[in-house]
Amino acid sequence: MSFSDRILAWYQSHKRPLPWRETKNPYVIWLSEIILQQTRVEQGLPYFLRFVEEFPNVTNFARASEGRILRLWQGLGYYSRARNMHKASKLVLEEFSGDFPTQFQDLLRLPGVGEYTAAAISSFAANQPHAVLDGNVFRVLSRYFGIEEPINSTAGKKIFSQLADELLDRQHPGEYNQAIMDFGALQCKPKSPDCSVCPLLIDCEAYKTNRQDELPKKLKGKKSKDRYFHYFLIEQDGQVLMSQRGEEDVWANLYEFPMIESAAHMDAQEIQDLPEFQGLFKDAAPVLIGDVRKHVLSHQNIYARFYKLDVENVELAKKSHWNYFLSENLDKLAKHKLISSFIEHYFFAN
DNA sequence: AAGGCGGGGGA
DNA sequence: TCCCCAGCCTT
């Protein structure tokens with residue numbers, strides 16, 4: 001029995017029932033694949049259901065505002081995925097007459113669609129022979145063949161890509177791609193896989209040499225940086241002053257309170273003494289609300305403090321990305337987790 | 001080739 | 001704590 005036959009056989013009895021497996025609609029598959037990038041199935045599933053409900057086809061999606069799409073995406077992270085999807089949907093309308101592509105090379109033209117996603121959509125929607133290579137596949141191949149080359153090195157990517165392509169079942173590319181990813185997610189798990197019930201055990205190089213916990217190898221990234229955010233809650237006539245973040249940096253285009261960032265911890269008095277603060281709020285005095293909140297991202301630790309600020313008529317002209325919103329309308333804005341959880345806590349705590 | 005980009009869950 | 005998750009884009 002070949003490698004692919006065993007994977008497929010395992011899949012027949014362990015396949016997860018997932019909604020995006022019920023369709024060949026490339027648009028729906030695209031939605032699921034973008035949502036699932038670097039995201040667990042359990043975390044992405046409710047978002048997928050909401051997006052399909054809200055935007056049944058690519059035309060609906062393209063006609064929505066970016067703000068509405070980001071709001072639906074709120075809490076899922078990696079927000080460039082949502083912004084790229086909006087661009088991609090417009091490109092599908094303009095370049096493909098609204099007919100969502102299923103060919104690998106066409107798919108690669110869409111912003112946010114790389115090698116993995118193009119292989120997934122083309123094989124699932126049109127049975128095109130392109131092997132997927134995601135975290136699951138890297139792990140399965142690394143262990144089964146005992147490959148020590150780091151999966152995130154240039155050489156590693158080449159080796160695994162070629163191997164994945166050789167192993168692809170060209171009679172059933174879509175089914176095989178689904179199968180090997182489910183196998184990685186459920187059987188050949190990252191931590192403590194139960195090898196005793198694995199159908200590939202007798203030929204698995206990692207099992208033979210007891211290296212399941214060492215493979216796959218991966219080059220380590222840099223350490224996280226610390227950042228200190230100071231947010232100012234400014235309310236006036238039932239309205240709240242909000243600021244939209246720029247295109248650069250984390251949380252691009254999302255809403256938050258006006259803020260100042262510092263390189264190290266500062267207390268309320270030190271904040272007030274900053275020329276930047278006085279330029280914005282003159283002699284107003286920030287009053288701390290609650291404790292510091294540590295918000296951990298994969299590449300940075302953000303220490304956030306919230307202050308209440310009594311200022312009248314902040315000169316909005318100074319900051320074009322500042323605007324007042326009625327507090328009952330804050331819910332309509334796309335906000336990052338730090339802000340949405342603060343608002344939930346502060347405005348709606350009972 | 002390396003770094004940036006979220007948030008959550010498991011060990 | 002650290003690692004990983006149906007990765008992609010920019011420099």
Side-chain angles (χ1 to χ4, degrees), chain A residues 16 18-21 29-48 70 73-85 87-88 107-121 123-124 130-140 142 150-158 160-161 164 174 176-186 188-193 213-225 227 245 247-254 294-302 334-341:
Chain A
R16 284 181 288 186
L18 300 171
W20 45 85
R21 287 179 173 164
I29 295 171
W30 168 73
L31 279 180
S32 73
E33 290 302 334
I34 304 295
I35 287 172
L36 292 173
Q37 287 170 5
Q38 294 293 286
T39 304
R40 293 167 196 279
V41 165
E42 312 84 75
Q43 189 187 1
L45 183 54
Y47 285 86
F48 169 79
L70 280 173
W73 198 269
Q74 178 172 301
L76 197 53
Y78 285 149
Y79 297 90
S80 64
R81 290 183 289 174
R83 292 183 290 121
N84 280 334
M85 282 178 100
K87 293 175 194 161
L107 289 161
L108 280 182
R109 293 178 56 194
L110 306 180
V113 174
E115 299 266 338
Y116 163 76
T117 306
I121 299 174
S123 67
F124 300 157
H130 297 279
V132 293
L133 189 51
D134 74 332
N136 292 306
V137 180
F138 273 119
R139 185 170 56 256
V140 172
S142 169
I151 60 175
N152 55 345
S153 70
T154 303
K157 286 174 197 160
K158 202 169 189 173
F160 284 98
S161 171
Y176 169 79
N177 278 337
Q178 296 277 14
I180 192 169
M181 288 195 286
D182 249 11
F183 182 80
L186 302 176
C188 199
K189 298 180 293 182
K191 301 262 173 88
S192 52
D213 296 332
E214 298 166 39
L215 296 175
K217 302 270 191 195
K218 196 170 182 181
L219 268 26
K220 303 220 186 256
K222 286 201 339 179
K223 276 208 280 190
S224 292
K225 298 232 182 264
R227 301 175 71 176
R245 293 182 69 86
E247 292 278 358
E248 312 295 326
D249 204 358
V250 72
W251 298 318
N253 293 10
L254 298 194
K294 183 179 180 184
H295 190 79
V296 179
L297 306 180
S298 46
H299 48 290
Q300 50 190 308
N301 301 316
I302 293 172
K335 303 165 292 290
H336 53 83
K337 188 69 184 172
L338 199 44
I339 297 300
S340 62
S341 61

S.K.: If I take atom CZ from residue A/Phe48 and atom CD1 from residue A/Ile29, how far apart are they, to the nearest 0.5 angstrom?
M.R.: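 It comes to 9.0 Å.
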
S.K.: What's A/Arg21 touching, base or sugar-phosphate or nothing? Going by heavy atoms closer than 4.0 Å.
M.R.: base

S.K.: Side chains of A/Arg81 and A/Asn84: any donor to acceptor distance under 3.5 Å?
M.R.: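 No, because no side-chain N or O of A/Asn84 sits under 3.5 Å from a partner of the opposite role on A/Arg81.
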
S.K.: Just checking A/Lys220: base, sugar-phosphate only, or nothing, at a heavy-atom cut-off of under 4.0 Å?
M.R.: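 Answer is sugar-phosphate: A/Lys220 comes under 4.0 Å of backbone atoms only.
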
S.K.: Quick check on DNA chain B: between A/Ala155 and A/Lys225, whose nearest nucleotide comes earlier from the 5' end?
M.R.: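 Whichever sits nearer the 5' end wins; that is A/Ala155.
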
S.K.: Please give, in whole Å, the distance from C/dC3 P to A/Lys222 NZ?
M.R.: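 These atoms are roughly 16 Å apart.
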
S.K.: Could you give the CH2-to-C1' distance, from A/Trp73 to C/dC8, as a whole number of Å?
M.R.: 12 Å

S.K.: Given atom CG of A/Asn136 and atom C1' of C/dC5, what is their separation to the nearest angstrom?
M.R.: 8 Å

S.K.: Would you mind reading off the distance between A/Glu248 atom CD and B/dG3 atom C1', rounded to a whole angstrom?
M.R.: 14 Å

S.K.: For a quick check under 3.5 Å, do A/Arg21 and A/Gln178 share a side-chain donor-acceptor pair by atom type?
M.R.: yes

S.K.: Base contacts versus sugar-phosphate-only contacts with protein, heavy atoms under 4.0 Å: please encode nucleotides 6-11 of chain B as B, S and - from 5' to 3'.
M.R.: BBBBB-

S.K.: Contact class for A/Thr117 (heavy atom, under 4.0 Å): base, sugar-phosphate, or nothing?
M.R.: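 Touches sugar-phosphate only.
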
S.K.: Have a look at A/Val113 and say if it touches a base, only the backbone sugar-phosphate, or nothing, with a 4.0 Å heavy-atom cut-off.
M.R.: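 The answer is sugar-phosphate, as A/Val113 gets under 4.0 Å only of primed atoms, P, OP1 or OP2.
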
S.K.: Considering only atom C1', compute the distance from C/dT10 to B/dG7 and round it to an integer number of Å.
M.R.: 22 Å

S.K.: Output the rounded distance in Å from CD1 (A/Ile35) to P (C/dC8).
M.R.: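 Taking CD1 of A/Ile35 and P of C/dC8, I get 15 Å after rounding.
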
S.K.: How is A/Trp30 classified with respect to the nucleic acid when contacts are heavy atoms under 4.0 Å: base, sugar-phosphate, or nothing?
M.R.: nothing

S.K.: Please report the closest heavy-atom contact between A/Ala88 and A/Trp30, naming both atoms and the distance.
M.R.: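 For A/Ala88 and A/Trp30, the tightest heavy-atom pair comes out as CB-CZ2, 3.9 Å.
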
S.K.: Is there a donor-acceptor contact under 3.5 Å linking the side chains of A/Glu33 and A/Tyr116?
M.R.: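 Short answer, yes.
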
S.K.: Are OP1 or OP2 of C/dC5 and a side-chain N or O of A/Arg139 less than 4.0 angstrom apart?
M.R.: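 The answer is yes; a side-chain N or O of A/Arg139 sits under 4.0 Å from OP1 or OP2.
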
S.K.: Take atom P in C/dT1 and the same atom in B/dC5, then report the distance between them in whole Å.
M.R.: 22 Å

S.K.: Between A/Asn177 and A/Leu110, who's closer to the 5' end of DNA chain C by nearest nucleotide?
M.R.: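 Closest to the 5' end, via its nearest nucleotide, is A/Asn177.
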
S.K.: On a whole-Å scale, what distance lies between the P atoms belonging to C/dA6 and B/dG4?
M.R.: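 It works out to 24 Å between them.
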
S.K.: What is the distance from CG of A/Asn152 to C1' of B/dA2, rounded to the nearest Å?
M.R.: 10 Å

S.K.: Which whole-number value in Å describes the distance from A/Leu107 CG to C/dG7 P?
M.R.: 17 Å

S.K.: Which label fits A/Trp73 and A/Tyr47: parallel for a plane angle under 30°, tilted from 30 to 60°, or perpendicular past 60°?
M.R.: tilted

S.K.: Please name the nucleotide paired to C/dC9 by Watson-Crick or G-U wobble geometry with both distances under 3.5 Å, or report none.
M.R.: B/dG3

S.K.: Between the side chain of A/Thr39 and the main-chain N/O of A/Gln37, is any donor-acceptor distance below 3.5 Å?
M.R.: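 At least one qualifying donor-acceptor pair exists.
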
S.K.: Within this structure, what is the CZ-to-P distance between A/Arg227 and B/dG4, rounded to whole angstrom?
M.R.: 10 Å

S.K.: Would you name the heavy atoms of A/Gln43 and A/Gly75 that are closest together and state the gap between them?
M.R.: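 Scanning both residues completely, I find the closest heavy atoms to be NE2-O, 4.3 Å.
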
